[in-house]
Amino acid sequence: MQPYPESVPLPSADKRWKLVEATMRRHGYKASALIEVLHTVQESFGYLDDTSLRFVASSLRIPISKVFGVATYYHFFSMKPPGEHTCVVCLGTGCYVKGSGELMKMIEREAHICAGETTPDGKLSLVAARCIGSCSLAPAVVIDGEVIPRAQANAVQEQLRRWIGHDSR
Amino acid sequence: MPEISHYQVKTLTIDGKEVCASEHQTILEVARENNIDIPTLCYFNGLNGVGACRLCLVEVKGNNKLLPACVTQAQEGMEVTAHSPQLHEYRKLIIELLLTERSHVCAVCVSSGHCELQSLAQKLGVNHVTLPYLHEQCKADGSHRHFVADHNRCVLCTRCMRVCDEIEGAHTWDITGRGIRSRMITDMGEPWGDSETCTNCGKCVSVCPVGALVEKGKAVAEMTKPNFLPYLIQMRGKGQ
Amino acid sequence: MDKARIATLWLDGCSGCHMSLLDIDERLLDIASAIELVFSPLVDNKEFPENVDLTLVEGALANEEDIEKIKMVRARTKLLVALGDCAVTGNVPAMRNNFVLADVLHRGYVDNATANCGPPVHEVPQLEPKVIPLHELVAVDLFVPGCPPSADLIFFVLSEVLAGRIPDLSTRSHFGN
Amino acid sequence: MTLDELQEIAESEREAQKKITHRINVSVAAGCLSLHSDVVFNILHEEVKKRGMEESCKVKAVGCMGLCAAGPLVRSEPQHTYYRGLPPDSPEVLSAIVDSINGRPVPEFALSPEIPFFAAQKRIVLENCGEIDPERIEDYIGVGGYQSLLTCIAKRSREDVVQEIIKSGLRGRGGGGYPTGLKWSMVAKAAGEQKYVICNADEGDPGAFMDRSVLESDPHRVLEGMAIAAYAVAATKGYIYCRAEYPLAVKRLKVAIRQAEKLGLLGKRIGESDFSFEVEVRIGAGAFVCGEETALIASVEGERGVPRPRPPFPAYSGLNHCPTLLNNVETFANIVPIVRNGAEWFASIGTDKSKGTKVFALVGDVVNTGLIEVPMGMKLRDLVYSLGGGIPDNKKFKAVQTGGPSGGCIPEQFLDMGVDYESLMSAGSIMGSGGMIVMDETACMVDVAKFFMDFTRDESCGKCIPCRVGTTQLHGMLERISEGKGRMEDLDTLERLGNMVKRTALCGLGQTAPNPVSSTVRYFRDEYVQHITNKTCAQGKCPCSKAPSTAAGK
């Protein structure tokens, strides 16, 4: 086995790198830990960027193209910083049948962004989920981590307007 | 090389023809030894098989699934059908799908006349596509000193990635994204010329079946690919 | 027996397919004796006639006029042949499909123009947003790919048709040159 | 810990339970939690405390009770009643409930356990859900938990356990319906020093949340099933591959693993035997195809979750090229009752070829949305109208979608069909993981087909051409039809291309991706034709219904 690549220095003094390093250490710096490590990076920094991917690649001794390939394969990983607030609309079948598609279109119109984007002022990220398993309380929307069961268009709209300063547009 | 005494000869039939296979031979290898032509695209002799292009699918009696000949080992008593009207239909449609995916314009391609996609279309009798063109937006990358990567012509066979990883050991190439948005990348998707890992060896260009990876300065139909197999066999022998 | 009524049509293409047709050279004489060329850029007929036995169409469908023409030609032709890659696949003309039409026009008539800036709007047919091969709009009876199809291939097609057979091109033809 | 020691814990747990005369179980599974059942729990707890009744009345946080439509759900015993839709913001109501525990239940919120939704179920997989506290291992041990595992290790041979599962007739609950025992015996017989057991908790089918509920409500049940499997096939290392979208399930699994390790029920030398089995949780990252076993293995290895050709099957060459047993959550959750009650008992439930029960997520246009477990073979009509309470607002039933993006839409004429693997297959759908989405007359089947093709197109890994380009083409065709730009020939092309993708795609995702299209074309051809010829969507769901109809043909 290869020795621990202790020579890879942390990218900066930011304490969050220690969390990333801890995950790698826990997994013995094995290449198979890549996804777990990327999860830690995203949890700690909110997203993945060049610096973090290069750091993880050299620490786990994985080709950089492969790390980038893995990071962009999975929809859960984001290569852009998230907005201040996040609105996840579930587009699972249960929710879709209950009108979440319309709900999403309403929010897209409201925020002037498409699913997967963040408003230019960085206030709101809009995310489409494949199914969050709240099918029996459809349509489900997750606002800043809190599940809103049987989401109503106007309630969601009101909440969003408070964030994105709709009137000033 | 395994010793002769390890060989266990298997008998099977391909398209009714009785053929012999040695241990660990794939259906495709046996077929080619016996001049039975099974079309392939992602397969490249000397690289690991991935069974991705699905052109080499064959019917095996007793199995209700079609099996990729390139990665399926020949078995004693197998009855393989490599050519049937149904398989021919499927193969034609696969080529059609590829032709609709990106911009395969033979008329302006440096590899025209030396392109595996072009000759497969001819061989299978694909003289037009019945499905609409998708016009996937791709980039062409001319940043490398010696080579050009035109992703509009890429068929995602991943030969470049495999040769770069398995033979050159650089692993400059990989895939980003997924599904219809999959793209081959060098390093972190930056221009090829900026790659820190590329050794400029040109192996990827040699194995590319189409005009996606070519040498610079070649005009239409000028880009021929060398016979890469002897080199691969030599390198495999050394490496393993 | 009556002579076969044959036409050729030139849409969005470079005329290379017609050149290749002429490259049949001396064999043209044999063909000429068996056919009547009723419409073609090579002859001086203004009107596409009715009851045409065979029409060779070069070029893709790129503007409103192409579309009108091909519909009319289809209605008046027994055997419609897509001749060459532009007619069969869209080929080079369709490479603009990767861009928005307005951008293409801007590039051609503004960015790279030295005089008379701006795309022409009068007395020229307007371009369609996307260039399409013939069969996306009308039924095509025979596909003869190639850029251009070789003279031999065109000769083969014509002689087969004149002999009353639908030519089997399955492995004779290929895209590109 | 030995079997005797385990029984001691169970005994003392049961003794402690006996002292409690009243219990109020509050569901804190994700569905009820999103309706603030945690607040309900706290208030009820406070109310009981206020009255000084903590000794005799236990307010317990439990897992899913199933009837999500009526959350937050509470069950009160010995009143033998459920409470539905309890308002978290009304302490008066909650206080009244505590006051009533010796008398008649508060009528406005009471719900009888005798209604068909509860009474017609047969709960085997879900038997502990809503009964035990998922974050207390003692609760699980109190209802006999981990006894099956330790009994197997102490008293039964590995072959014997495999035989038991074979005899039970249990089939994989993840979708394919492959006989579980056969899979186990393949892995057991496969040569290899290192073997793995992987639990597929990447419940990717949209509209399905059975596995989520089991993991959140009874995680130990799954762990024990995995450990029995590991014992039977001689594996020493296990992974649970769980979706990142299920944070609560991940949390409870991690808690459960820690608890079990602490008691020596997982980890090294389980039950003081030579058998060791360590379990780790791996979190998915949002790729539906990772539900396919070879893609899941690639993902556990830290790679792009892309399928590999089979053969070789994971049973012979799976994780790190070692023999690997892969089953899904519900399959593992069936193991303990089979081992406890015997194969004959299990085989006596269900139909000829589909044994046991199946958990379904009943969602969409149905009154009682939620989670149910019924014997295989129950009629679709009973599921929808009796347990499900029918279609809301007196609308007409149109179809039920099963099997997620790999399944199909089953029309009215199949309502009297008994639901099992074979019948669903013959109706052009599949069992899948158990999502059942009911659609009423307002659903547009072209729109539904487009929805699923959009899903598979987006989730296709892109490795093989038929799936990568084929799903995109199929989706494009449906899009054109929904925009009123379709042609009649498109219906044939949908079928021709669909068949080709089914036959030639590399993995299960591609091989089943055209199913939602082919089943809707088969049963609802009229609707397609209407979109094409009239250029309108009668249900008003498609873009063509919004633009003024331009009837002029080309």
Side-chain angles (χ1 to χ4, degrees), chain A residues 26-27 30-40 42-43 48 56 60 62 66-78 88 90-102 116 127-142 145-151, chain D residues 30-31 33-35 67-69 71 203-209 211-213 243-247 249 282-288 290 299-306 320 361-365 368-371 401 404-405 435 437-440 443 447-448 451-452 454-455 458-459 461 541:
Chain A
R26 194 168 64 244
H27 288 280
K30 277 194 273 201
S32 61
L34 176 58
I35 295 173
E36 292 292 304
V37 176
L38 294 181
H39 271 302
T40 308
Q42 182 150 316
E43 264 167 44
L48 313 174
V56 170
L60 299 181
I62 306 175
K66 187 168 175 176
V67 171
F68 191 73
V70 169
T72 55
Y73 177 81
Y74 294 98
H75 282 188
F76 196 79
F77 295 130
S78 168
V88 183
C90 180
L91 292 180
T93 325
C95 290
Y96 186 79
V97 168
K98 288 292 189 184
S100 68
E102 300 296 317
V127 181
R130 274 314 181 190
C131 181
I132 60 165
S134 293
C135 323
S136 48
L137 297 167
V141 172
V142 187
E146 195 192 339
V147 181
I148 313 293
R150 300 188 190 107
Chain D
L33 262 186
S34 70
L35 297 161
L67 188 55
C68 308
E203 184 170 53
D205 284 6
F209 54 100
D211 296 349
R212 168 185 188 156
S213 264
R243 305 181 69 199
E245 288 86 343
Y246 292 176
R282 281 283 184 272
I283 302 169
F288 173 70
C290 287
S299 189
V300 173
E301 290 171 354
E303 313 239 340
R304 289 165 58 91
V306 166
N320 304 328
L362 201 55
V363 300
D365 300 318
N368 295 330
T369 53
L371 209 64
Q401 206 280 341
I437 297 112
V438 181
M439 288 177 262
D440 69 20
D447 184 56
V448 169
F451 166 81
F452 281 113
D454 182 44
F455 182 93
D458 200 46
E459 294 293 343
C461 76
K541 294 268 157 84

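These numbers come from a predicted model, not from an experiment. Letters A, B, ... mirror the listed sequences (proteins, then strands); counts begin at 1.
Chosen from A:V97, A:I148, A:L34, the residue pairing most often with chain D at heavy-atom distances under 4.5 Å is A:V97. Chain A forms more heavy-atom pairs under 4.5 Å with one residue of D:C68, D:G31, D:A287 than with any other, namely D:C68. Interface check for chain D: of the options A:P149, A:G94, A:G133, the most heavy-atom pairs under 4.5 Å are formed by A:G133.
For the pair D:A244 and A:F76, the tightest heavy-atom approach, listed with the atom from each and the gap, is CB-CE1, 3.6 Å. Here the shortest heavy-atom pairing between D:C290 and A:Y74 reads SG-CE2, 4.0 Å. When all heavy atoms are compared, the tightest approach of A:F77 to D:A285 is CE1-CB, 3.6 Å. Of all the heavy atoms in A:I132 and D:Y246, the pair that sits closest is O-CE2, 3.7 Å.
In terms of the salt bridge (charged side-chain N to carboxylate O under 4.0 Å, His left out) criterion, residue partners of D:E303 (sequence neighbours excluded) are, by chain and number, A:K66. Partners of D:D454 by salt bridge (charged side-chain N to carboxylate O under 4.0 Å, His left out), not counting sequence neighbours, listed by chain and number: D:R457.
Interface remark: D:I437 contributes side-chain atoms only to the contact with chain A (heavy atom separation under 4.5 Å). Heavy atoms closer than 4.5 Å to chain A are found in both the backbone and the side chain of D:S299. Heavy atoms of D:C461 lying under 4.5 Å from chain A belong to its backbone as well as its side chain. No part of A:A138 comes within reach of chain D, as not one of its non-hydrogen atoms sits under 4.5 angstrom from that chain. Contacts of D:V300 with chain A are made by backbone atoms alone, with heavy-atom separations under 4.5 Å and no side-chain atom involved. With a 4.5 Å cut-off on non-hydrogen atoms, D:D458 touches chain A through its backbone and its side chain both. If you measure heavy-atom distances from D:N320 to chain A, you find no contacts under 4.5 Å at all. Only the side chain of A:E146 comes within contact range of chain D, with heavy atoms under 4.5 Å apart.
Put simply, the side chain of D:R243 gets close to the backbone of A:C131: a donor and an acceptor are under 3.5 Å apart. Panel note: side chain A:Y73, backbone D:G305; a donor-acceptor pair is recorded below 3.5 Å. Side chain of A:S32 to backbone of D:G302: no donor-acceptor contact under 3.5 angstrom is found. Remark: the backbone N or O of D:F288 is not paired with any side-chain donor or acceptor of A:H75 at under 3.5 angstrom.
Taken from CG in A:L91 to CZ in D:F451, the straight-line distance is 7.0 Å, to the nearest 0.5 Å. Interatomic distance, D:Q401 CD to A:Y96 OH, rounded to the nearest 0.5 Å: 13.0 Å. A:S136 contributes atom OG, which lies 8.0 Å from atom CG of D:L371 (distance to the nearest 0.5 angstrom). Here the CZ atom belonging to D:R282 is positioned 10.0 Å from the NE2 atom belonging to A:H39, to the nearest 0.5 angstrom.
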(request) Begin with the C-alpha distance, continue with both residues' side-chain angles, and end with the deciding distance and a verdict on side chain to side chain contact (heavy atoms under 4.5 Å, CB included) for D:R212 and A:C135. (result) CA-CA 11 Å; D:R212 168 185 188 156; A:C135 323; over 6 Å; no

(request) Could you give me the CA-CA distance, side-chain angles and deciding distance for D:E459 and A:R130, then say whether salt bridge (charged side-chain N to carboxylate O under 4.0 Å, His left out) is met? (result) CA-CA 10 Å; D:E459 294 293 343; A:R130 274 314 181 190; 3.5 Å; yes

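You'll find the side chain of D:S34 reaches within 4.5 Å of the side chain of A:L137, heavy atoms only.
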